[in-house]
Amino acid sequence: MKSFLNVQDLGDLKQALAEAQEIKADRYKYDTLGKNKTLLMVFFNNSLRTRLSTQKAAMNLGMNVIVLDVNAGAWKLETERGVIMDGDKSEHLLEAIPVMGSYCDVIGIRSFAGLTDRDYDYAETVYNQFVQYSGKPVFAMETATVHPLQAFADLITIEENSPLPTSPKGEGTRLGTPSLGGDRGGLPKVVLTWAPHPKSLPQAVPNSFAQWMLAADVDFVITHPEGYELDPRFVAGAHVEYDQRKAFEGADFIYAKNWSCPGVTRPEDYGKILHDYHQMMHWTVDAEHMSWTNNAKFMHCLPVRRGMIVTDDVIEAPTSLVIPEAANREISATVVLKRILQG
Ligand code: CP
């Protein structure tokens, strides 16, 4: 594997889930695979889980790790081509990338959407420059439009906590053979719900979550206020229900997340918050919302703002999966790095 951005990069999802369980049973099983190999993790944005879990995953595989916080101690980087660099940016990404590539064997990139230029963000400009100019395998640690390590961990968590018996198609996994469409009867119902937030957030997490759920054997529903429609390249074929209560009915998993306007129907609204959040607090996931479900498990990628996205009682309930979900980030990262090391 030379690049990890989308669910398709993993190939057979059932096989990837089986590998995740293999790693979970013995996370040091491949502890010599990364001997004398170096992972460089490049952060253009803050992180807690991604930084720690990916570093731990690399250590599980015997790799050396270098972490670069671009905004803390490195030269300020220009990312646009064709500019006269007479401002505060001292180095261009197009020199910095091959230099970084010369010091390592694998590169992880965290580079969020700027949320001002939709075309620039949705072209994954920064990530693709690393792919093109580093000469090394590159994987996403949340880029402008996707967060696949999170979505993979989310899928592992759903598989482990599915209320349904093992699928006969699944050969030991609960979710069975990944498929698109078809009969959803008897499958776990997974609901991605928009929730309010005071700041403008990217669409990377919901994009990836939708993409991965559509590739898995689940009954997947998205609910959000009108205007927050996600990009069709990630949600084509998904069931969108604008009535949050209807969407929650019978749900086995509630996955809450805020995202700003993806600009699908009105490109000029890209990255905006469409309504004052004070008027959207009825979308906050609280005990009443959870009572509409089939005793659903609550999920969120973290960090989460309590009282905005979810109430204290819901996130602290035994049905909350936010901690095991975060713990599974080590597992998803170990599988992905193992695949990259194995070429
Ligand atoms: N969920 C997630 O990616 O967390 P961090 O932003 O802390 O890495």
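Just so you know, ligand 1 is whichever comes first in the structure, and atom 1 is the first atom listed for that ligand.
- Partner of W194 under the ring-ring contact (aromatic ring centres under 6.0 Å, His included) criterion, chosen from Y228, F209, Y255: Y228.
- Geometrically, ligand 1 and C301 share a nitrogen or oxygen pair separated by less than 3.5 Å.
- Here V205 has no heavy atoms under 4.0 Å from ligand 1, in either its backbone or its side chain.
- Cation-pi check for R118 over Y122 is met; the charged atom lies under 6.0 angstrom from the ring centroid and within 45 degrees of its normal.
- A salt bridge does not link K189 with E249: every distance from a Lys NZ or Arg NE/NH1/NH2 to an Asp or Glu carboxylate oxygen is 4.0 Å or more.
- Those atoms of ligand 1 that come under 4.0 Å of a heavy atom in L48, given as number and element, are 5 (P), 7 (O), 8 (O).
- Less than 4.0 angstrom separates some heavy atom of H147 from each of these atoms of ligand 1: 2 (C), 3 (O).
- In this structure, atom 1 (N) of ligand 1 lies nearest to the protein heavy atom L302 O, 2.8 Å.
- Taking every non-hydrogen atom of R329 and a distance limit under 4.0 Å, the qualifying atoms of ligand 1 come out as 1 (N), 2 (C), 3 (O).
- Contacts with ligand 1 closer than 4.0 Å are made by no heavy atom of H300, backbone or side chain.
- Taking the six-membered ring for Trp and the full ring otherwise, F44 and F112 have centroids separated by 6.0 Å or more.
- For an aromatic pair to be called close, the ring centres must be under 6.0 Å apart, and Y242 with H224 satisfies this.
- Across the listed options R51, M141, R110, R110 owns the non-hydrogen atom lying nearest to atom 6 (O) of ligand 1.
- Atom 4 (O) of ligand 1 has R49 NE, 2.9 Å as its closest protein atom, hydrogens excluded (heavy atom only).
- Comment: R266 engages D269 in a salt bridge, judged by a side-chain N to carboxylate O separation of less than 4.0 angstrom.
- L149 approaches T54 most closely through the heavy-atom pair CD1-OG1, 4.2 Å.
- Taking any N or O of E142, backbone or side chain, none lies under 3.5 Å from an N or O belonging to ligand 1.
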